[in-house]
Amino acid sequence: MKYSLIEKLKISELVVWLKNKQYKVVGPKAKENQFVYGDLDSPDELKLEHKPPVLALKKYYLPQEENLLNFSFGETKGKEVDVSNNFTVVFGAHTCDIAGVICLENACDIEPKDNNFFERNKNILIIGIECLKPCDEYATCVTMGTHNPKGGYDLMLTDIGNQYLVHVNSQEGLNVVANDKIFVDADSEYISKVNRIRTDKTNVFNKQLNVAENEIGVLLGRTVKSPVWDDIGKRCLSCGNCTNVCPTCYCFDVRDEVNLAVTEGRRYRVWDSCQLKEFAEVAGGENFRKDRKKRQQHRLFRKFKYPIEKYNRNFCVGCGRCSRTCMAKISLIETINSLAKESI
Amino acid sequence: MNNSLYNPIKATIVATKQMTATEKWFKIELENKKDLNHNPGQFVEVSLLGLGEAPISISSSPTQRGYFELCVRQAGKITAALHKLKEGDNLGIRGPFGHGFPIDELKGKDLLFIAGGLGIAPLRSLINYVIDQRKDFGKVNILLGCKEPKQLLYTDELKKWEKLTGISFRCTVDRADPDWKGNVGLITNLIPGIDIDVKQTYAIVCGPPIMYKFVLVKLMEKNIPDKQILVSLERKMKCGLGKCGHCQINGLYCCQDGPVFSYDKIKKVEGAI
Amino acid sequence: MSKVRVAFFDFADCEGCQLQLTYLNEALLDVLKHCDIVNFREVMHERSDDYDVAIVEGSITRPYDVERIKKIRERAKILVAYGACAAIGGVNGIRRKYTIDEAKKIVYPDREFPIETGEVKAVDQVVKVDAYVHGCPTNNNEFAEVLKCLLLGVAYKVPTYAVCVECKLKENICLYEKGQVCMGPVTRAGCGAWCTSNGNTCYGCRGVLEDFNQQGQMDVLKKYGVTVNMLKDKFTLYNSCKMEEKNG
Amino acid sequence: MAEQVKKKDLNIFVEYLTRVEGHGHIKINMKDGKLEACYLNVIEAPRFFEAMVRGRSMFEVQHITSRICGICSTGHSLASIKATEDAIGFTPSVQTRKLRKLALHYETLDSHLLHVLFLVTPDVFGAESVFPMIQTHKDVILLALKMKKACSDLCDILMGRHTHPITLAVRGFTKIPGKKELEKSRELLGELEKDLAIVLGVVKLIKLPEFERETEYIALTHPDEYAFLDGNIASTDAKEIAPRDYLSFVHELNVEHSASKHSKNKRNSYMTGALARFNINHKKLPEKLLDIAKSLGLKAPCYNPFMNSIAQVIETAYCLYDAIEIIDGFLKNGIDQSEAVASWPSSLEKNKFTFKSGRGVGAVEVPRGILFHDYTVNAEGIIEKANCVIPTNQNLANIDMDLQKMVPEILHKTKEEITLQAEMLVRAYDPCISCSCHLLDVEFVD
Ligand SMILES: Cc1cc2nc3c(=O)[nH]c(=O)nc-3n(C[C@H](O)[C@H](O)[C@H](O)COP(=O)(O)OP(=O)(O)OC[C@H]3O[C@@H](n4cnc5c(N)ncnc54)[C@H](O)[C@@H]3O)c2cc1C
Ligand code: SF4
Ligand code: SF4
Ligand code: SF4
């Protein structure tokens, strides 16, 4: 659409201005030695330089726990819960996390559409930040092609020294940069500067996987019997951490809860994980994915194989969270590369 | 509205019958006697607010208007609570969900029904539909198996089916009791003996997970083309909307893409059968 | 719904779990709409032996208690093991590493009078248990859920997944990433990752998962430099009674 | 069954009345006007904590000993932590000490309120227990529930939960409240302050039996404050001693009728708890609290054990005001959340954390009295020896002696009245909520 500029020193001012508009402003904040997305009570909590926060942006679209119905006990119909949210600005999301939102959108768009997602999506404005160096040894963003901005945001900041170049990608974004106390227009000179930055980036960003993005699914399909999987099955603790932190995992459980007077209740959904034993277990005891190996396979198939067939894209955005969080040190890079090595 | 997909509609139980020690039959009317408008093979989510939901096959034919029937096995929390309900009680219904049997494709064809245990519930919907629209379909074979005679469902109806012309009905039990006069043995034993025109015949299978493997082998021996074998599969389900992920069979969602699948679609799919 | 007659009993315990109920606050009044509490020594005088549901707190340690719990079992339609001491033996089980005489010598070195005690057992190691409320202490959300199920006559199912699940949903930084050791991966969830969300580690108070990945967990702990002794401590803190059962 | 004659024979057995970390009976047996037996019989299942902690890491011992008693678990945690820190030569930060004081205040508040509102008020209103009061005195019950909710919310914020606190650890707190949490705490305390006025109104209605028996009183004492967390041990009979020398005051002995050990010092018994603290430390209380005490009939020295409940009310007010002061201090001067510690030194800091081995004692005033934990820690950080002396145990001998003096004084009353007053006496010591319940299966032999 267009490009603007913002002085780095004015980022705080921007946060304050957005907050004064009664928007909820959230962004990466420090938590102990890591980061989490959270409400920015003050602008200095914002950590534009960060590694992927513990949970991804999906918590703002499909929260960990979400009410579906409220009901009076004994009734057969519930009262539908209104999910329309406060207008929220997500400030400082990495491009991989933004790609994660696009994946969720794809999944939620399948009929019947997940209305809650779209209801919230309407009211979220994303200000992204481009990474100029890889986060750590776990990220696979280069392979997945998510290290460069590819849409899905309203504004994208690229660090060009004392300023950020701002790519404006939506009408809402335009409304924000219209504040000429904070933003100034950028001329074409800056655009070529950004292009230079992108070319330079290729020097610091290495491909982490030895397989091309669009071939991982095929590779997985070919190697289901590989001992690599047996090893993973032995190591996995089924803690569910890898799916909970993943920006694109969206499975959920539906639960009911009533108050102690057993008069009122709610039906709500909570994130569920295909790594848990009971996920595919039915009454009577049959379990369609009984062993850990099968469940881990299922997870990766759901990242690299089925979505390609269904949405023509991988559902991994290369953020590296699953590997980073795994206490058994099951690593996506290691898994894929070992499978690739074996299948040569 | 936002969550209308998750909001059940009100229904009333108008009749029940304890069919066996663990299975109970329910006749249910929607509010204002609205039709459910289902296809045979589809299911509903039965909802008890405060307890949860369970997917249950619709076991009556859509030709019966103004009500529908379910057959529920007591297996856990919701089904136990359902068993406590009686005539006049209300419950919530969502659905119908899923792809049922491809009626148009089946028209004019011979049908071979193979049901194990509770698998008769979804098949009964189609069987009764076929009986009601008898002219539209060819020869009908029904094979029914269960563990013990006392577990047989719809016993009165089975007797009627036995007597209908143009329908061949056979039943077998794994273990007989002293009063049992019929076949004894696995349902797979009945398959070789049936006389069918393979080109014309669609086999329709529903039963416990382990039954499929064995039945499919026998059907293949009979040379029924994969495309003409229809199976109705069971998976854990939470939403019925193709969202929650529990029922996923590889890339397929059992609740939306199924529960009825033709065998050629899933034979390459790991873990489906 | 007709009113359910509920009785509370306690054995070897700290009574912390019963105390939890006083934090139900006003919901306590709601409970009383559906339950007649017919025996609750903590706060009441009246007592009755006619009850539907027995909520039992504490481990069974003395022959006298074995008889008492058997009587309670006979009378109750439903028996609930309430809290870690009752459900899995809890910290009381640590004593299992001593013989009874050794333990007596340590605590009552010069006592001339007899002191009555026996082997520490979880309630289900003595009588059949119909429902469990885990935790040390129990949490009221789960108790509410169990109570609801009792009232509706359906079974309450304890989560079969690990504390980690709840821990991650709360966006905690995993302790393993901070160089600490945590029982979360092998402990059944349901507490909302209470301890880890408050900066501590999970101690396993809700009991070890039935089919946790033993080898996998050992490997992880080894990777993080945990000694065999420390590992043993972790597993024996709450799960002594049940570990022995597991290892035959 | 009213009888007015003075009894010669009396046989009272209150089953399942009291516990000391457990259960007990009251037994009163009089024959021919002579008291043959008159005591509290403790039949608690012994749990062997001292044996359980032996051989375990000093970092988890507080987690275990907290489980001695769910009602005073914060006190046990703190006594345990203090004993460990004393043994290994660790001095906690000023902020940690403030937060610990706060933690202890919350527990005292909660416990005293529970005692006064749930267990003493039924007597005032002539109810059998709190349950009937839901019908007759709903306002009092709702007030009590509301105040307890505030206490539990305060505990949740500071310690993760009330029973078996999570954030208390050797070296400090595993999580430290931020500004928002402090503000919320301040708000809750403000509410409590308002409600306290109503409580004082209710307390004014309490009529306690007239009974006096002078005894030895033992409590912590501190030069700058009404001691709860720190201080030396003071006695009305002897000179102040350091916590490490507690054994020169506390002589534990086994008695046949009790699974709990009894304690005595110079006399045959002593009293610890709110009344002992008041008698020893009343000078550290602000003037306005002393005035309230006076209006409720409490003046030091007080030898009526029934007045322990009133002393608790005064302490409730003290803890509330002091907690407010601590929170206000944090709100004004800020709080350092980065002081949070790991409950166990992590592999990252292990080499940086050094300690010495040895013996240490932690003495803390918990709602029911002075509590001692005494550990010996070896060079590996393992507990080699442990001893815990619990306040209720220390009071047991004193309760027996009070009973023995009181029963003959009230023989003109009916058996029911005698039984009730005996129970009220035990309840006044607030041995634990369970002990303060009402009687069962009373047996009379005339
Ligand atoms: C398409 C389909 C048709 C079915 N038709 C029938 C029928 O006609 N009659 C009948 O008795 N049963 C049928 N079932 C099985 C029935 O859904 C389960 O027995 C029932 O969900 C168990 O729920 P519960 O609460 O009693 O058990 P719990 O063990 O308490 O289960 C808890 C929840 O897990 C899920 N779940 C557990 N088992 C199953 C399962 N087998 N299938 C799907 N979800 C499950 C449900 O969401 C359930 O509410 C069908 C299942 C499917 C998938
Ligand atoms: S699979 Fe792993 S690397 Fe890929 S998006 Fe999910 S968490 Fe990130
Ligand atoms: S801190 Fe403990 S409970 Fe939480 S994720 Fe890590 S191992 Fe699991
Ligand atoms: S985190 Fe662990 S120790 Fe803490 S309450 Fe939960 S199960 Fe118990």
Side-chain angles (χ1 to χ4, degrees), chain A residues 66-69 71-84 107-108 110-116 119 221 224 249-258 262 264-267 269 272-274 278-284 286-289 294 297-298 301-302 305-307 309-310, chain B residues 1-12 31 45-55 73-80 89-93 97 117-118 208-210 233-254 256 268 270-272:
Chain A
E66 166 177 37
N67 279 3
L68 298 170
L69 302 170
F71 55 81
S72 300
F73 190 78
E75 292 290 307
T76 47
K77 264 181 96 72
K79 245 182 73 201
E80 288 150 27
V81 176
D82 187 12
V83 302
S84 51
C108 292
I110 296 279
E111 289 294 338
K113 287 191 201 312
D114 192 302
N115 292 326
N116 291 10
E119 200 57 45
V224 276
C249 277
Y250 54 84
C251 292
F252 58 86
D253 189 9
V254 179
R255 297 184 195 162
D256 286 18
E257 185 180 274
V258 292
V262 198
E264 304 294 321
R266 61 177 188 134
R267 178 162 286 172
R269 58 179 180 187
D272 205 343
S273 166
C274 60
E278 268 189 48
F279 188 79
E281 185 178 283
V282 297
E286 182 78 24
N287 192 338
F288 295 95
R289 275 185 296 277
K294 278 263 158 60
Q297 274 180 344
H298 182 71
F301 274 55
R302 286 201 63 172
K305 191 161 181 282
Y306 313 144
E309 291 155 9
K310 205 161 176 174
Chain B
M1 250 313 226
N2 287 331
N3 291 307
S4 54
L5 289 174
Y6 293 94
N7 208 352
I9 44 180
K10 188 172 171 176
T12 309
E31 217 169 16
E45 283 282 352
V46 179
S47 182
L48 297 175
L49 289 174
L51 283 166
E53 296 189 318
R73 168 177 293 171
Q74 181 165 347
K77 190 157 133 186
I78 316 297
T79 47
D89 285 342
N90 293 324
L91 40 70
I93 294 289
F97 291 123
L118 191 54
I210 50 155
L233 298 182
E234 181 189 359
R235 286 296 183 277
K236 179 139 168 182
M237 287 177 190
K238 284 293 176 184
C239 67
L241 303 166
K243 304 278 172 209
C244 76
H246 287 88
C247 71
Q248 215 178 355
I249 311 171
N250 279 7
L252 300 167
Y253 278 90
C254 183
Q256 293 268 311
K268 291 247 169 59
E270 249 247 358

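Protein chains get the first letters and strands the later ones, always in sequence-line order, with residue 1 at the start of each. Keep in mind it's a predicted model, so treat the numbers as computed, not measured.
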To the nearest 0.5 Å, what is the distance between [atom1] ([X]) and [atom2] ([Y])?
X	Y	atom1	atom2	answer
B/Gln256	A/Ile110	CD	CD1	9.5 Å
B/His246	A/Cys274	NE2	SG	9.5 Å
A/Arg267	B/Glu53	CZ	CD	4.0 Å
A/Phe288	B/Cys247	CZ	SG	11.0 Å
B/Cys239	A/Arg269	SG	CZ	8.5 Å
B/Arg235	A/Arg289	CZ	CZ	8.0 Å

Measure distances from [X] to the heavy atoms of chain B and classify the residue's part below 4.5 Å as side chain, backbone, both or neither.
X	result
A/Arg302	side chain
A/Asp272	side chain
A/Gln297	neither
A/Phe301	neither
A/Val254	both
A/Glu281	backbone
A/Arg255	neither

At a 4.5 Å cut-off on heavy atoms, which part of [X] comes close to chain A: side chain, backbone, both, or neither?
X	result
B/Gln248	both
B/Pro8	both
B/Leu48	backbone
B/Phe97	neither
B/Leu51	backbone

Mind telling me whether A/Phe252 and B/Tyr6 have parallel, tilted or perpendicular rings, with 30° and 60° as the class edges?
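Perpendicular, since the angle between the ring planes exceeds 60°.
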Which of these, B/Asp89, B/Asn90, B/Leu49, B/Ile9, sits in a side chain to side chain contact (heavy atoms under 4.5 Å, CB included) with A/Thr76?
B/Asn90
Which one of B/Pro209, B/Pro208, B/Ala54, B/Ala11 has the most heavy-atom pairs closer than 4.5 Å to chain A?
B/Pro209
Out of B/Gly92, B/Gly50, B/Gly76, B/Gly245, which one racks up the most heavy-atom pairs below 4.5 Å with chain A?
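The answer is B/Gly50.
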Between A/Lys77, A/Glu80, A/Lys79, which is the residue that forms a side-chain hydrogen bond (donor to acceptor under 3.5 Å, both in side chains) with B/Asn7?
A/Glu80
Using only atom types and a distance under 3.5 Å, with no angle test, would you say the side chain of [X] pairs donor to acceptor with the backbone of [Y]?
X	Y	answer
A/Lys305	B/Gly251	no
B/Lys10	A/Glu75	no
B/Lys238	A/Cys251	no

Under a 4.5 Å heavy-atom cutoff, which of A/Ala283, A/Pro307, A/Pro112, A/Gly265 has the most pairs with chain B?
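Highest number of heavy-atom pairs under 4.5 Å: A/Pro112.
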